[in-house]
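Just so it is clear, the model here is predicted, and its values are computed rather than measured. First the proteins, then the strands, lettered A, B, ... as listed; each starts at 1.
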Protein chains: 2
Amino acid sequence: MSTPPRDLEELRARADAIAGRALDELSATYAIAFEGREGATTKGKTGELLERILGASGGSQAVHDFPTLGVELKTIPVDAAMRPRESTYVCTLQLAEADRAEWSSSWARAKLSHVLWVPIVLGDGPARVGVARFWKPTPEQESVLASDFEDALGAVALGGVEALTARTGRWLHVRPKAASSRDRTWSIGRDDGDWIATVPRGFYLRTRFTAALLHDLAATPE
Amino acid sequence: MSTPPRDLEELRARADAIAGRALDELSATYAIAFEGREGATTKGKTGELLERILGASGGSQAVHDFPTLGVELKTIPVDAAMRPRESTYVCTLQLAEADRAEWSSSWARAKLSHVLWVPIVLGDGPARVGVARFWKPTPEQESVLASDFEDALGAVALGGVEALTARTGRWLHVRPKAASSRDRTWSIGRDDGDWIATVPRGFYLRTRFTAALLHDLAATPE
DNA sequence: TAGGATCCAGCTTTGGATCCTT
DNA sequence: AAGGATCCAAAGCTGGATCCTA
């Protein structure tokens, strides 16, 4: 809908311009279809609406939402106290390449290196856009994320994909990511080097991490 | 049943002697009545059994279990991983004296100053005695306990007993302690200085504290 | 009433399952 | 298959209620 923002300031200005607006009002203003069923924010629709309003590229390629700025857009549903209700999807885990992957060159790291967090405030009234904030991980934050990432891949390398559960990882963890649990992709299994069909997985940020992050960002001047 | 132990070494030796023994076997050996209903460890019975086996004074007076040693006995039910299932009772909160109480002279502090923790391991088989360990709070631990204690009494002093909930306190917190919620004792209420009838309360150590504590003790040589 | 504690309904968190679009 | 995520049953935790004995 919108053209890509030329720079960070333009992106920030666009985000500021929609802070406080209700989602259904925005979809009408920008003439973008947006129907939640029964008033619930529906799966993925909000993210796509904000992408189009802010001028993100969209599409399924493995590039940033704002390629020229290297910035990723994340809409995050929060309650009135700015606390997220859910974990946040980061990207797919390439199980077939788990033995070769490294944090430093990973798509997860690239995505998380610069994020524009756009809270979607779900309170008593209609869902509204909150105050957006840019974030880059501090060295301390990144070292935890890196260690979580490597723990996950290490688990697959050592014990096969069955050894990797959603319990692994302090802030970044791995969960199924598929339309159905019958979906399958290929991974290394437990029995030495055999390949097995297994459900696809994705990386997610735990709620306790994004909750602390949003809290910190709200307490910090821009 | 047993005479009081003469010193800490004798107490330790008695505790070591029963480590690994099943509770019903011990009750038979020592000829002390002990019936759980349906195999569950029943309220208070286990503590009383261990008191008698180890030679604690028993009774309801506000003195240590081993008065000459200044040691308190705490039986604590744990799972196979030495994780407690429940919070641990410390002592009654004297609501009527809440405005004058201080940690340094409190019965809570005296009780917690030297504890013999006796795990009761509840796993697949019958309930068994685990490896007992002595504990004295480190200065860091005690400062948290002191601050929890003072937060609790401060809440009563400022806002009345209604302001004090089980949410107050990081490690040490306050909960009802009565045979029934109709039981009553006297406390300061919210409406300035009025005394109101309210349910009696006790201090408890939260499970997350005793879990960390047992974990640390198990990892530490004697 | 104090001491020995556990019980258990309800709320919260966890983590596997699922939905839609390109 | 990748990207945008939320759904929701079951496990875990919290904290008020309760049981027994002296």
Side-chain angles (χ1 to χ4, degrees), chain A residues 36-37 40-52 56-63 65 72-77 85-94 107 111 120 165-169 173-185 199-202 204 206-208, chain B residues 33 36-37 40-52 56-63 65 72-77 83 85-94 107 111 120 165-169 173-185 199-202 204 206-208:
Chain A
R37 16 170 227 239
T41 306
T42 149
K43 296 182 178 182
K45 292 287 189 191
T46 303
E48 292 164 14
L49 176 65
L50 271 291
E51 281 184 351
R52 299 185 66 176
S57 313
S60 292
Q61 314 89 42
V63 292
D65 291 317
E72 189 68 22
L73 174 67
K74 280 290 166 200
T75 57
I76 184 165
R85 332 187 112 191
E86 292 283 353
S87 55
T88 300
Y89 170 67
V90 178
C91 63
T92 301
L93 166 54
Q94 305 294 338
W107 182 223
K111 274 206 174 179
I120 304 299
T165 76
R167 292 163 197 87
T168 300
H173 73 149
V174 170
R175 300 221 303 286
K177 175 73 167 74
S180 139
S181 58
R182 274 91 68 196
D183 285 4
R184 285 295 180 271
T185 190
V199 65
R201 322 279 166 126
Y204 294 78
R206 289 188 189 273
T207 306
R208 62 175 178 248
Chain B
R37 17 170 226 241
T41 307
T42 153
K43 297 182 177 183
K45 293 287 187 190
T46 303
E48 292 163 14
L49 175 65
L50 271 292
E51 281 183 352
R52 301 184 66 176
S57 312
S60 292
Q61 314 91 42
V63 293
D65 290 318
E72 189 67 22
L73 174 67
K74 280 291 166 200
T75 57
I76 183 165
R83 197 186 155 76
R85 336 186 111 189
E86 292 282 352
S87 55
T88 300
Y89 170 68
V90 178
C91 63
T92 301
L93 166 55
Q94 305 293 338
W107 180 223
K111 275 207 175 179
I120 304 298
T165 76
R167 293 167 197 84
T168 300
H173 74 147
V174 171
R175 298 221 305 285
K177 175 71 166 74
S180 142
S181 58
R182 275 91 67 195
D183 285 4
R184 284 295 179 270
T185 190
V199 64
R201 323 279 167 126
Y204 293 78
R206 289 188 190 274
T207 306
R208 63 175 177 248

Quiz item: Quick one: is A/Trp107 getting a side-chain N or O under 4.0 Å of the D/dG3 phosphate, OP1 or OP2?
Solution: yes
Exercise. Mind checking salt bridge (Lys or Arg N to Asp or Glu O under 4.0 Å) for A/Lys177 and listing every partner two or more places apart, or none if nothing turns up?
Key: none
Quiz item: So does A/Lys45 get a side-chain nitrogen or oxygen closer than 4.0 Å to the phosphate oxygens (OP1/OP2) of D/dA5?
Solution: no
Quiz item: Think B/Gln94 has a side-chain N or O under 4.0 angstrom from the OP1 or OP2 of C/dT1?
Solution: no
Close N or O pairs between protein and nucleotides 10-14 of chain D (under 3.5 Å):
unit_1, atom_1, unit_2, atom_2, d
D/dT14, OP1, B/Arg208, NH1, 3.2

Self-check item: Polar side chain donor-acceptor pair, A/Arg175 to A/Ser87, under 3.5 angstrom
Solution: yes
Quiz item: Per the end-axis method with five pairs at each terminus, what is the bend angle of the helix from C/dT1-D/dA22 to C/dT22-D/dA1, to 10°?
Solution: 60°
Self-check item: Between A/Thr207 and A/Arg85: side-chain donor-acceptor atoms closer than 3.5 Å
Solution: no
Quiz item: How long is the gap from CD on B/Glu72 to SG on B/Cys91, to the nearest 0.5 Å?
Solution: 9.0 Å
Quiz item: For the side chain of A/Tyr89 and the base of D/dA2, is some donor closer than 3.5 Å to an acceptor across the two?
Solution: no
Quiz item: Is A/Lys74 side chain donor-acceptor paired with the D/dG4 base, going by distance under 3.5 Å alone?
Solution: no
Exercise. Determine whether A/Ile76 and A/Ile120 make a side-chain contact, defined as any pair of heavy atoms from C-beta on separated by less than 4.5 Å.
Key: no
Quiz item: Of the nucleotides D/dG15, C/dG16, C/dT18, which has the atom closest to the A/Ala178 side chain?
Solution: C/dT18
Self-check item: Candidate nucleotides D/dG3, C/dG3, D/dA17, ranked by approach to the side chain of B/Arg175 - the nearest
Solution: D/dA17
Quiz prompt | Distance-only donor-acceptor test, B/Lys177 side-chain atoms vs D/dG16 base atoms, 3.5 Å | solution = no
